[in-house]
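Nothing here was measured: the structure is a model prediction, and the numbers come from that model. As the structure lists them, so they are numbered: ligands from 1, and atoms in each ligand from 1. This chain uses plain numbering: 1 for the first residue, then up along the sequence.
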Amino acid sequence: MEYLVVAVVVALVLVGGLVAFLAPRRRRAAQPPLGQRPGVDYVPGVGDDAAQSVDTPTRDLDTMPLPEDAVVEGAELLPPPLERPEPAAGRLVRLRSRLARSQSTLGRGLLGLLSRERLDEETWQEIEDTLLTADLGVAPSRELVERLQTRVRVEGIADPAAARALLREELVALVDPSLDRSLQTDRHADRPAVVLVVGVNGTGKTTTVGKLARVLVAEDRDVVLAAADTFRAAAADQLTTWGDRVGVPTVRGPEGSDPASVAFDAVRAGTEQEADVVLIDTAGRLQTKVGLMDELGKVKRVVEKQGAVDEVLLVLDATTGQNGMVQARVFREVVDVSGIVLTKLDGTAKGGIVVAVQRELGVPVKLVGLGEGADDLAPFDPEAFVDGLLGTS
Ligand code: GDP
């Protein structure tokens, strides 16, 4: 009996092993021999011909015929969706924290000094130095110190809150809230408003034109851009990209073509399209003042054949300090600047430049750039600006 059990177990094991051994071979035997399934288990060797020549024309999405009833409305390749720019109102309040670097030197520095128990001669000197360091300019710094001295003598400063209120009031007065900072971008009866944007290359001119187009689009205005910086193809490309993002057309010419004729064409296109505003980006090479004068003067004259230019915005880089002031003087001689755009205020401790440049040119700062983001351009508001400098108490 025992022998019988052992014999049965041995027989079962042998049969099982045989089945397991044969099964994969049976499966493999059902497949075509090696080399007959190209690309699956055949590795081509050097000199072998490909099963299908690389030259064989292939069908792609553009050439493949579609069944007639498969054409669905709107199924053609769509451009990326248009961006919806942020409305500009109140932007400076939202972007106020970007003034943090100015804040630490100018605002906090001044507040610290004014809150000292004893305001002696040395402290007043420190206050004046702080203002100068922030690029406020010599005359405005002196003036502010004198006004503060008088008010401290008459009213006294009871606590830090009083020092802050006093400083806020005087700084706002210095920035001058009475200036008209609105942009003349209202369409005329028969033609668009024209805004000429000038400034030295690198100050952020093209970026500003792009950002300004977004501000206007957010207000539902029809805008046309003119890439009148024809010396660098990259500048025209950059501007076109800004426009494309918000559905605004850009008029451009071949590289090296006459900037005045591009500007002229853009204004004509704007008139034909019944646009509200034409924004003209210009070249800003400052090698020779004569060259700049000739070029900008010509752009303005040629554009004015179709009607007056409504705004000439001078773009200045706030981080360049005195250099910016020199540029401001040169441009003032070339064109009648009607407003200043101060860019890169987010990257400087020299917020005082706002006052200095307004005084120098006698025209208001209308817009400020507070970052590289598409909506980081804010209408300038003296109170929000000073609050940004002083920080929230
Ligand atoms: P353009 O040569 O005067 O037209 O100058 P661009 O528009 O090409 O700008 C030069 C550089 O400045 C770019 O890298 C911009 O992103 C940057 N820029 C422009 N405005 C601002 C700003 O307000 N803040 C900062 N941080 N960068 C800015």
Report yes if some heavy atom in the side chain of Phe385 is under 4.5 Å from a heavy atom in the side chain of Val354; otherwise report no. yes
Under 4.5 Å between any side-chain heavy atoms of Leu114 and Trp124, yes or no? yes
Sub-4.0 Å atoms of ligand 1 with respect to non-hydrogen atoms of [X]:
X	answer
Gly369	23 (O)
Val200	3 (O)
Arg232	2 (O)
Thr206	1 (P), 4 (O), 7 (O)

Nearest-neighbour protein heavy atom for [atom], which is reported as residue plus atom name and distance:
atom	value
atom 3 (O) of ligand 1	Lys205 N, 2.8 Å
atom 18 (N) of ligand 1	Lys344 CE, 3.8 Å
atom 14 (O) of ligand 1	Glu372 OE1, 3.3 Å
atom 7 (O) of ligand 1	Thr207 OG1, 2.4 Å
atom 24 (N) of ligand 1	Asp346 OD1, 2.9 Å
atom 5 (O) of ligand 1	Gly204 N, 3.1 Å
atom 8 (O) of ligand 1	Gln238 NE2, 3.3 Å
atom 20 (N) of ligand 1	Lys211 NZ, 3.9 Å

Within the structure, is a non-hydrogen atom of [X] found at a distance of less than 4.0 Å from ligand 1?
X	value
Thr203	yes
Gly199	no
Gly202	yes

For Leu183, which of Leu216, Val195, Leu367, Asp310 qualifies under side chain to side chain contact (heavy atoms under 4.5 Å, CB included)? Leu367
Is Glu333 salt-bridged to Arg329, cutoff N-O under 4.0 Å? no
Could you tell me whether Glu295 and Lys300 make a salt bridge, using a distance below 4.0 angstrom between a side-chain N and a carboxylate O? no
Calculate, to the nearest 0.5 Å, the distance between atoms [atom1] and [atom2] belonging to [X] and [Y] respectively.
X	Y	atom1	atom2	result
Lys344	Leu316	NZ	CG	11.5 Å
Leu119	Ile127	CG	CD1	6.0 Å
Asp129	Leu113	CG	CG	9.5 Å

N or O contact, Asp376 vs ligand 1, cut-off under 3.5 Å: no
Could you see if Val175 belongs to whatever hydrophobic cluster contains Ile353? Use Ile, Leu, Val, Met, Phe, Trp, Tyr and a side-chain cutoff under 4.5 Å. yes
Hydrophobic cluster membership, with links at side-chain heavy-atom distances under 4.5 Å among I/L/V/M/F/W/Y: are Leu345 and Leu136 in one? yes
Which of these passes salt bridge (Lys or Arg N to Asp or Glu O under 4.0 Å) with Asp376: Lys211, Arg214, Arg94, Arg98? Arg98
For ligand 1, is any non-hydrogen atom under 4.0 Å from [X]'s backbone (N, CA, C, O), its side chain (CB onward), both, or neither?
X	answer
Val368	neither
Arg98	neither
Leu370	backbone

Qualifying salt bridge (Lys or Arg N to Asp or Glu O under 4.0 Å) pairs, either residue in residues 179-198, two or more places apart: Asp186-Arg221
